[in-house]
**Student:** 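Okay, handing you the structure first.
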Amino acid sequence: MTSHVHHVTVDCADAHKLGTFWAEVLGASLADDDLPGDPEALVETPGAALLFVTVPEPKRDKNRIHLDIQPDDRTRDEEVERLLAIGATLVADHRKPNGRGWATLADPEGNEFCVECGARERARLTGTRLPVTADDVTAAVRLAVDTLTESPAEDWRIPAGTLTWDCWETVEHLSDDLFAYAVQLAPRKPSLETEVPYRWAPEREGGPWNAVFADPEAGTAGLLQTLEASGALLAAMVRTASPDVRSFHSYGVSDPEGFAAMGIVETLAHTYDVAAGLSLSWTPPQDLCDRVLARLFPDAPDDADRWTVLLWSTGRADLPGRERVTSWKWHGAPL
């Protein structure tokens, strides 16, 4: 048996005030029952839980433990400016001319913390590939659900683009894919030779082989709920599985990042199929397409629109100067 860190607890003069600052830093909120004047304030995020506790003693010396933070959607320097504007102060500047290094800041009560380059900026500086993450899975699935929700069509039993499946079946198949990738990562000792033995079967001849089916009585809203739920399962497994985990896939043994990328490609491509059938517009973010291409299609052309290249890589579009793809496999093995 082992222990885990439940909270990082910070002694302070005003728990609510300092907790409010850190909630803004982390894009989170204080717990609903934390009010001004309370002796404690809790800030919870997917990666950390900070508990601020009011104590009578003032801060005297440099903290022996401090937080290192990385921005998710901006550069290190942009994040430093944002934090200075909401009440932080600059303690020491360790940023280097080549873009590396960090800045040491202090929160409104003088607790030091460091701002580093985020993953995207770090990849640019080092010339390395930006990894595919659990958050990418969540973003892709939510974008798909939000797009498909806009359809006014009541009958989704119409062809999904050029597929032989209808739109309802294709969304069911996508839900099933995400579920299947999640469960491959779940056993304590995942098999390297077979899939987890759920029973997969089609509902009709020529239909997709699924273990997951939506209740027709729930309508399209229920169908999309199954899609979002399966996406959440995959995101949770990718986030919690050790990077060293390996599990079977018919295209080759893969790792959590590989299964995340597979789930995203399935989501982007099949949403394209369904959107075509429902006459919806669907163009996912270029950077998301670029990350999954780098992970699963490392030999794909890098000189064209990334969404078009992903469609070409999965046999769904033409690419000027290149033959149409009629048979394809992704590279599932860890890079």
Side-chain angles (χ1 to χ4, degrees), residues 2-126 128 130-131 133-136 138-139 235-236 239-240 243 287:
T2 60
S3 297
H4 68 277
V5 176
H6 183 50
H7 297 137
V8 175
T9 301
V10 181
D11 291 350
C12 56
D14 188 327
H16 188 272
K17 184 176 180 180
L18 193 60
T20 299
F21 168 82
W22 277 99
E24 190 167 356
V25 171
L26 300 174
S29 301
L30 292 181
D32 293 339
D33 56 354
D34 286 335
L35 302 173
D38 285 354
E40 297 182 357
L42 179 63
V43 178
E44 290 187 288
T45 71
L50 303 181
L51 178 63
F52 298 90
V53 179
T54 300
V55 298
E57 302 85 7
K59 179 180 182 292
R60 299 184 184 278
D61 303 305
K62 182 180 183 298
N63 293 3
R64 295 298 299 273
I65 296 177
H66 70 268
L67 302 179
D68 291 337
I69 66 172
Q70 296 180 342
D72 294 322
D73 55 0
R74 55 178 62 88
T75 68
R76 174 202 58 197
D77 294 348
E78 290 170 341
E79 181 69 348
V80 168
E81 293 305 313
R82 182 181 79 90
L83 300 181
L84 292 175
I86 65 173
T89 56
L90 183 63
V91 175
D93 197 336
H94 301 283
R95 290 174 286 188
K96 300 178 181 180
N98 64 4
R100 303 190 182 190
W102 68 95
T104 301
L105 276 60
D107 69 19
E109 291 202 10
N111 298 299
E112 298 89 356
F113 63 98
C114 293
V115 184
E116 304 174 340
C117 293
R120 183 175 288 104
E121 190 173 14
R122 192 182 299 270
R124 178 180 60 80
L125 289 170
T126 59
T128 56
L130 194 64
T133 68
D135 288 340
D136 290 331
T138 299
R239 181 172 288 111
T240 56
D287 60 340

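Here the structure is a predicted model, which is why all the values come from computation and not from measurement.
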**Student:** Distance check, rounded to the nearest 0.5 Å: Leu42 atom CG versus Leu30 atom CG?
**Tutor:** 8.5 Å

**Student:** On a heavy-atom basis, which atom in Leu125 and which in Arg100 lie closest, and how many Å separate them?
**Tutor:** O-NH2, 3.7 Å

**Student:** Determine the minimum heavy-atom distance between Cys117 and Pro71, stating which atoms define it.
**Tutor:** C-CD, 4.4 Å

**Student:** Using salt bridge (charged side-chain N to carboxylate O under 4.0 Å, His left out) as the criterion, list what pairs up with Arg95, not counting sequence neighbours.
**Tutor:** Asp77, Asp93

**Student:** Atom NZ of residue position Lys17 - does it have more than 12 heavy atoms of other residues, nucleotides or ligands inside 6.0 Å?
**Tutor:** no

**Student:** CH2 of Trp22 to CD1 of Ile69: how many Å apart, nearest 0.5 Å?
**Tutor:** 5.5 Å

**Student:** To the nearest 0.5 Å, what is the distance between CG on Leu84 and CG on Leu90?
**Tutor:** 6.5 Å

**Student:** Compare every heavy atom of Pro131 with every heavy atom of Asp136, then report the nearest pair and how far apart it is.
**Tutor:** OD2-O, 3.9 Å

**Student:** Hey, could you give me the OG1/NZ distance between Thr104 and Lys62, rounded to the nearest 0.5 Å?
**Tutor:** 7.5 Å

**Student:** Is the shortest heavy-atom distance from the side chain of His16 to the side chain of Asp38 under 4.5 Å?
**Tutor:** no

**Student:** Take Asp287 and Leu130 through the side chain to side chain contact (heavy atoms under 4.5 Å, CB included) test and state the conclusion after the steps.
**Tutor:** CA-CA 10 Å; Asp287 60 340; Leu130 194 64; over 6 Å; no

**Student:** Nearest 0.5 Å, what's the CG-CG distance between Leu26 and Asp72?
**Tutor:** 9.5 Å

**Student:** If the threshold is 4.0 Å, N to carboxylate O, is there a salt bridge linking Asp135 and Arg239?
**Tutor:** yes

**Student:** Mind listing the closest non-hydrogen atom pair of Val25 and Ile86 along with its distance?
**Tutor:** CG2-CD1, 4.0 Å

**Student:** Which pair of non-hydrogen atoms, one from Arg76 and one from Gly99, has the smallest distance, and what is that distance?
**Tutor:** NH1-O, 3.1 Å

**Student:** Does anything in residues 59-98 form a ring pair (Phe, Tyr, Trp, His ring centres under 6.0 Å)? List the pairs, not counting sequence neighbours.
**Tutor:** His94-Trp102

**Student:** Provide the closest heavy-atom pair for Gly19 versus Val43 in the form atom of the first, atom of the second, distance.
**Tutor:** O-CG2, 3.5 Å

**Student:** So for atom CG, which belongs to Leu35, do other residues, nucleotides or ligands contribute more than 12 heavy atoms lying within a distance under 6.0 Å?
**Tutor:** yes

**Student:** Using the test salt bridge (charged side-chain N to carboxylate O under 4.0 Å, His left out), find all partners of Asp11 that sit at least two apart in sequence or belong to another chain.
**Tutor:** none

**Student:** Regarding Arg82 and Glu79, does a basic nitrogen lie under 4.0 Å from an acidic carboxylate oxygen?
**Tutor:** yes

**Student:** Supply the atom-to-atom distance Gln70 CD to Cys114 SG, rounded to the nearest 0.5 angstrom.
**Tutor:** 11.5 Å

**Student:** Side chains of Asp14 and Glu109, heavy atoms from C-beta outward: is any pair under 4.5 Å?
**Tutor:** yes

**Student:** Strictly below 4.0 Å, N to O, side chains only: are Arg122 and Glu116 in salt-bridge contact?
**Tutor:** yes

**Student:** Is there a side chain to side chain contact (heavy atoms under 4.5 Å, CB included) between Phe52 and Asp34 once you walk through the steps?
**Tutor:** CA-CA 11 Å; Phe52 298 90; Asp34 286 335; over 6 Å; no

**Student:** Report, as yes or no, whether the 6.0 Å neighbourhood of atom CG on Asp32 holds more than 12 heavy atoms from other residues, nucleotides or ligands.
**Tutor:** no

